[in-house]
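As the structure is a prediction and not an experimental result, all values here were calculated from the model. Computed over heavy atoms, backbone and side chain alike; hydrogens, waters and symmetry mates excluded.
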Amino acid sequence: MNYIGIDLGTSSVKLILMNEKGKIINSVTEEYPLSFPNPGWSEQNPYDWYEKTMEGLRKLLDGQNKESVAGISFGGQMHGLVVLDENDEVIRPAILWNDGRTTKECDYLNNVIGKDKLTEYTANIAFAGFTAPKILWLRENEPDNFKKISKIMLPKDYLAYRLTGVFATDVSDASGMLTFDVKNRCWSEEMLDICGIRKDMMAHIYESYERIGTVKAEIARELGIPENVIVAAGAGDNAAAAVGTGTVGDGMCNISLGTSGTIFISSNEFGVDKNNALHSFAHADGHYHLMGCMLSAASCNKWWMDEIINTKEYAKEQLKITEDRLGNNHVFYLPYLMGERSPHNNPAARATFTGMTMDTDRADMTQAVLEGVAFAIRDSFEIAKSLGINITETKICGGGAKSPLWCKIMANVLNIKVNVLKSEEGPSMGGAMLAMVAAGEYADVCQAAENIVQIKETIEPDVAIAERYEKKYQHFKTIYPALKQVFNLITQ
């Protein structure tokens, strides 16, 4: 049987058709626009997600055995606020994960309600990208729209609703809303009251691998697939990517270099970072995970290449960065193009280059971008180590993982083994695997991962390079504290 995984990303939706052994049969990507109506704002039209997903499904299945499709599931951009009225019409554009308008609301939640209370209610504190601060912003700034709300959902759940008619979410994605009691895997009554919303506005909660329903009959007819195709709840993009990389079970690690960057640590037990620098979320495997998230990762390299040096030849630009240069760069880059989440939780943080001299060249700057992202990932890695978590190796995924140089930099900056996968499809692959579990192809998520995920190569850190990067990281971590007040001043 075949399964469809849908990755609803920030710039595009990626769809894969995969058989039960993990072989990719077909893959389609459809792009849609991203809107920045004000500085620091980020929005999208949910109708675009649906239209492009349906277009992608038609292309994905063209010429394929449509009768063999047994299940569909999702990975999706997290935290976005999608609001529907009583007629199921979208009230306003979705406010996305990388939107920074909620500084006032986060201050209220963290400092008036209090971080201790938030941690008690949800296992997390307020970050600008989370959903609850967006709900408060909508209540304050668009009261007429707020009054129209009948349903509150996350981006991928809007797709699931359009495909099935079932108002559902999963535990991993719900964990990033700040309205969800992560430890007990249910909505937090206290947080719903704080946000001024009713429980009936919130979706029914499922485990990521659970069946929520089947595709609507009219959609099945339009696509030519069976009406009994199972739809599983799916997961937030990072949890779905973790499933797709086999980062399930206890003590596994995955680094994702996508638009955002994450370090994801799976655990069988619930745990909270006492400083709340790492997120404590429910995992798609039925357990839990800790996650550090930076808002700009591979997007930093894209910005540097596309907008600044005006090239699409990413690999060619990296050719000059030879091994002898690793750990010897005198230029540092702070990767805070959209503010920063983990560990600084500061929407006012900004990207900077530091240390340029007259002999600085283009390759130094390119290298600094790659290293800056790796150093920022290490910031969260260090917090995990401080909690007694011993990480000796990690999987790596996302667009940035396609760069051998970047993988090598990451291995040496973190001084751990980095495992590159044979098939790296990120959240779409995780979504397809969750659909397999929902359809009974595998008993659980761990069994699916054991049978499907394979490692292509392992990159070992080099002792000399890792020592050089250790010194550079000690320099890097002094730059943000030194500039924090400057960032607050220039963004007032």
Side-chain angles (χ1 to χ4, degrees), residues 10 34-46 76-83 90-115 117-119 121-149 152-155 173-180 187-188 190-197 201-202 236 259-260 276-279 281 291-296 299 336-350 484 487-488 490-492:
T10 311
L34 182 63
S35 172
F36 304 103
N38 285 301
W41 291 24
S42 182
E43 298 183 348
Q44 275 176 334
N45 184 346
Q77 51 167 297
M78 296 179 68
H79 314 304
L81 176 63
V82 182
V83 285
V90 174
I91 295 169
R92 70 169 328 280
I95 306 175
L96 302 190
W97 62 274
N98 56 354
D99 187 286
R101 76 184 69 182
T102 59
T103 301
K104 177 182 174 183
E105 290 73 23
C106 288
D107 287 345
Y108 167 74
L109 289 168
N110 286 329
N111 300 320
V112 177
I113 301 300
K115 293 180 179 179
K117 285 293 185 185
L118 296 181
T119 303
Y121 299 153
T122 73
N124 296 280
I125 62 171
F127 289 79
F130 282 10
T131 316
K134 297 180 177 108
I135 295 171
L136 291 176
W137 182 91
L138 193 66
R139 186 175 71 178
E140 176 69 21
N141 294 276
E142 298 180 2
D144 291 341
N145 283 335
F146 184 82
K147 290 174 185 175
K148 296 177 186 175
I149 296 175
I152 294 172
M153 57 181 66
L154 294 159
D173 215 359
S175 295
M177 294 184 75
L178 204 68
T179 54
F180 186 72
W187 296 120
S188 164
E190 295 89 350
M191 286 306 301
L192 298 184
D193 287 343
I194 289 167
C195 292
I197 54 179
M201 296 175 175
M202 309 302 287
T259 300
S260 62
N276 298 112
L278 300 181
H279 308 323
F281 288 169
M291 183 175 73
C293 178
M294 55 185 296
L295 296 180
S296 302
S299 52
Y336 309 143
L337 289 172
M338 296 291 295
E340 190 54 300
R341 192 183 296 176
S342 303
H344 304 307
N345 192 16
N346 185 4
R350 290 295 179 263
K484 183 178 179 180
F487 294 145
N488 292 337
I490 65 176
T491 54
Q492 286 180 353

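Note on Arg139 versus Glu105: no salt bridge recorded, every NZ/NE/NH1/NH2 to OD/OE distance being 4.0 Å or above.
In this structure the side chain of Glu340 never reaches within 4.5 angstrom of the side chain of Asn346, judged on heavy atoms.
With hydrogens and angles ignored, the 3.5 Å screen pairs a side-chain donor or acceptor of Lys134 with a backbone N or O of His79. Side-chain atoms of Ser342 come within 3.5 Å of backbone atoms of Cys293 as a donor-acceptor pair (strictly under, hydrogens ignored). Judged by distance alone, with hydrogens and angles left aside, the side-chain atoms of Thr102 form a donor-acceptor pair with the main-chain N or O of Ala128 at under 3.5 Å. With Asn124 contributing its side chain and His279 its backbone, the two residues share no donor-acceptor pair below 3.5 Å.
Among all heavy-atom pairs drawn from Ser299 and Leu337, the shortest one is O-CD1, 4.3 Å. Considering every non-hydrogen atom in both Leu109 and Pro133, the closest pair reads CD1-CG, 3.8 Å. Listed here is the closest heavy atom pair of Asn345 and Ile125: ND2-CD1, 4.0 Å. Here the shortest heavy-atom pairing between Met78 and Gly236 reads CG-CA, 3.7 Å.
The structure places OG of Ser188 at 7.0 Å from CD1 of Ile194, a figure rounded to the nearest 0.5 Å.
In this pair, Phe130 and Phe127 present their aromatic rings tilted. The plane angle is within the 30 to 60° band.
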